[in-house]
Amino acid sequence: MRIPPFRLSLAVSSALVAGLLLGGCGTQTAASEAGGGGETEGPCAGGATSDGGSGGAAGASAERDGVRVVGVVERAGVGAGESASPSGRAGQRPGVSVTADSLPGVGTSAGPCVVRYDVTNPESEPFTYTITFSLTDEQGRAMSTVEETVASVGAGKTVRRTLDHGGYPADGALDAGRVRILDVERVPSDEAPVPAGTCPASGLRLTADQGDAAMGLRVVGLHLENCGDRTYSLEGYPVLQLLDAEHQPVDGVEILRGTEGIPMAGGDGGAPRPVTLRPGEAAVSGLAWRNTTEFGEAVTVPYVRVRAEAGSDPVMVAPHLDLGTTGELGVRAWRKDESGAGAGRPGT
């Protein structure tokens, strides 16, 4: 499973923040699709890369699983002498979440220069990418993280995006060499979890949470929301298929119905029972395992294809199951979510 990044409190001196700034920006027109090129002028092009970016980030941390940090370009819609606040357009951007500490001069406003990255899909069908970036200081220490989702990158296509969020230093742009790609999750677009605020044609929104880890025990929640306009009933367990990094089936892992067989995971509260979800209601299940490693080869499962029940539309989630050598994964039966987390009017 992916453990959420720690929020570090760093005392950043004004000299360190100043080291992250660029002198200014020129003009640049970036294409939304690969092959569009784009022309870069002025200080934003300082140290430009061969394809028009600047401040190129070297090393494996600048390119991973089809995602590449290209350089620094001009923020769209911001001209010379203007500044842009990420709390405006960027703060409302779907598919973007930011974890940033309250650092002096960081996250308050940003100049017209932003970091650009490319996403290339080599597959034969559209894929959706979820990318976790880290913004570091000049010593390589993490200052903030940001997660972006790039939906439906076409087969064999490359798309360009800008890393537009509240973690930039004030009054300047981030040096692209200080952006690290921490993680890339990629799933077929027709199996990607739908974002909050939208509802698939089935009327059921299935997602996985970030999970929890303690004393070698791992737990990830599965959440099923009835976002449609009709009542839905189900009984039993989610249907799971374990997949490797290339989305191929993983063999040799026993999927247990219930979590009683997983040490310290606790019971499920009895046998499965029918669950009826009215519009706006939700059900919860979960995965539990231990990452004990003894003799043999440790097993890691990056992806899981989940169906609410047999015959339901599949959703591919990325819990990053570090199963160790246990060879077992427990799954809990669906229960009505009484926490109210899924409450709300249909389609929201």
Side chain proximity check, Val70 to Arg160, heavy atoms < 4.5 angstrom: no

Closest non-hydrogen atoms of Val220 and Trp289, given as atom of the first, atom of the second and distance, are CG2-CH2, 3.7 Å

For the residue pair His223 and Asp209, confirm or rule out a side-chain donor-acceptor distance under 3.5 Å. yes

After noting the C-alpha distance and the side-chain angles of Val150 and Tyr117, does the key distance pass the side-chain contact (heavy atoms from CB on, under 4.5 Å) rule? CA-CA 11 Å; Val150 182; Tyr117 63 95; 3.7 Å; yes

Is there a donor-acceptor contact under 3.5 Å from the side chain of Asn121 to the main chain of Gly154? yes

Are Val187 and Val159 connected into the same hydrophobic cluster when the rule is that any two of I, L, V, M, F, W, Y join if their side-chain heavy atoms are below 4.5 Å apart? no

Val253, Val239: one ILVMFWY side-chain cluster at the under-4.5 Å cut-off? no

Between the main-chain N or O of Leu277 and the side-chain N or O of Lys336, is there a donor-acceptor pair closer than 3.5 Å? no

Can you see which heavy atom on Ala265 is nearest to which on Ala288, and at what distance? CB-CB, 4.1 Å

Between Thr162 and Val73, is there a side-chain heavy-atom distance shorter than 4.5 Å? yes

Mind checking whether Tyr232 and Trp334 sit in one hydrophobic cluster, side chains of I, L, V, M, F, W, Y counted as touching below 4.5 Å? yes

What's the spacing between Leu287 CG and Leu222 CG if we round to 0.5 Å? 4.5 Å

In Å, rounded to the nearest 0.5 Å, how long is the span from CG of Asp337 to CD of Glu281? 10.0 Å

Show your reasoning for whether side-chain contact (heavy atoms from CB on, under 4.5 Å) applies to His247 and Phe127. CA-CA 12 Å; His247 308 108; Phe127 266 66; 3.5 Å; yes

In Å and rounded to the nearest 0.5 Å, what is the NZ to OG1 distance from Lys157 to Thr120? 11.5 Å

Cluster link Leu321 to Val250, ILVMFWY, side chain under 4.5 Å: yes

Is there a donor-acceptor pair under 3.5 Å between the side chain of Arg68 and the backbone N or O of Asp65? no

When you compare the side chain of Val119 with that of Val184, does any pair of heavy atoms fall below 4.5 Å? no

Could you check whether any side-chain heavy atom of Glu328 comes within less than 4.5 Å of a side-chain heavy atom of Ile262, counting everything from C-beta outward? yes

Assigning hydrophobic clusters by single linkage (Ile, Leu, Val, Met, Phe, Trp, Tyr; side-chain heavy-atom cutoff under 4.5 Å), is Met316 placed with Tyr237? no

If you apply the rule side-chain contact (heavy atoms from CB on, under 4.5 Å), what do you find for Val331 with Ser285, and how did you get there? CA-CA 7 Å; Val331 56; Ser285 174; 4.0 Å; yes

For Ala245 and Arg186, work out which heavy atoms get closest and say how close. O-NH1, 4.1 Å

Hey, could you give me the CZ/CZ distance between Arg218 and Arg290, rounded to the nearest 0.5 Å? 9.0 Å

Do Asn226 and Leu204 have side-chain heavy atoms sitting under 4.5 Å apart? yes

Could you check if a side-chain atom of Thr231 sits within less than 4.5 angstrom of a side-chain atom of Pro279, using non-hydrogen atoms only? yes

Can you run down the side chain to side chain donor-acceptor pair (under 3.5 Å) pairs that involve residues 294-308, sequence neighbours left out, and say none if there aren't any? Glu191-Arg305, Gln241-Arg305

I need the minimum non-hydrogen distance between Pro200 and Val194, along with the two atoms involved. CD-CG2, 3.7 Å

Go through the steps to decide whether Leu234 and Leu224 satisfy the test side-chain contact (heavy atoms from CB on, under 4.5 Å), and finish with yes or no. CA-CA 11 Å; Leu234 76 164; Leu224 184 68; 3.9 Å; yes

Val153 and Tyr129, any side-chain heavy atoms less than 4.5 Å apart: yes

Spacing of CD belonging to Glu309 relative to OG belonging to Ser233, to within rounding of 0.5 Å: 9.0 Å

Determine yes or no for a side-chain-to-main-chain donor-acceptor pair under 3.5 angstrom, with Arg180 supplying the side chain and Thr136 the backbone. no

Shortest non-hydrogen contact from Pro319 toward Val304: CG-CG2, 3.7 Å

Of the non-hydrogen atoms in Val69 and Val179, which two are nearest, and what is the gap between them? CG2-CG1, 4.0 Å

CG/Leu323 to CD/Glu254 distance, rounded to the nearest 0.5 angstrom? 12.0 Å

What I'd like to find out is whether the side chain of Thr128 reaches to under 4.5 Å of the side chain of Glu185, using heavy atoms alone. no

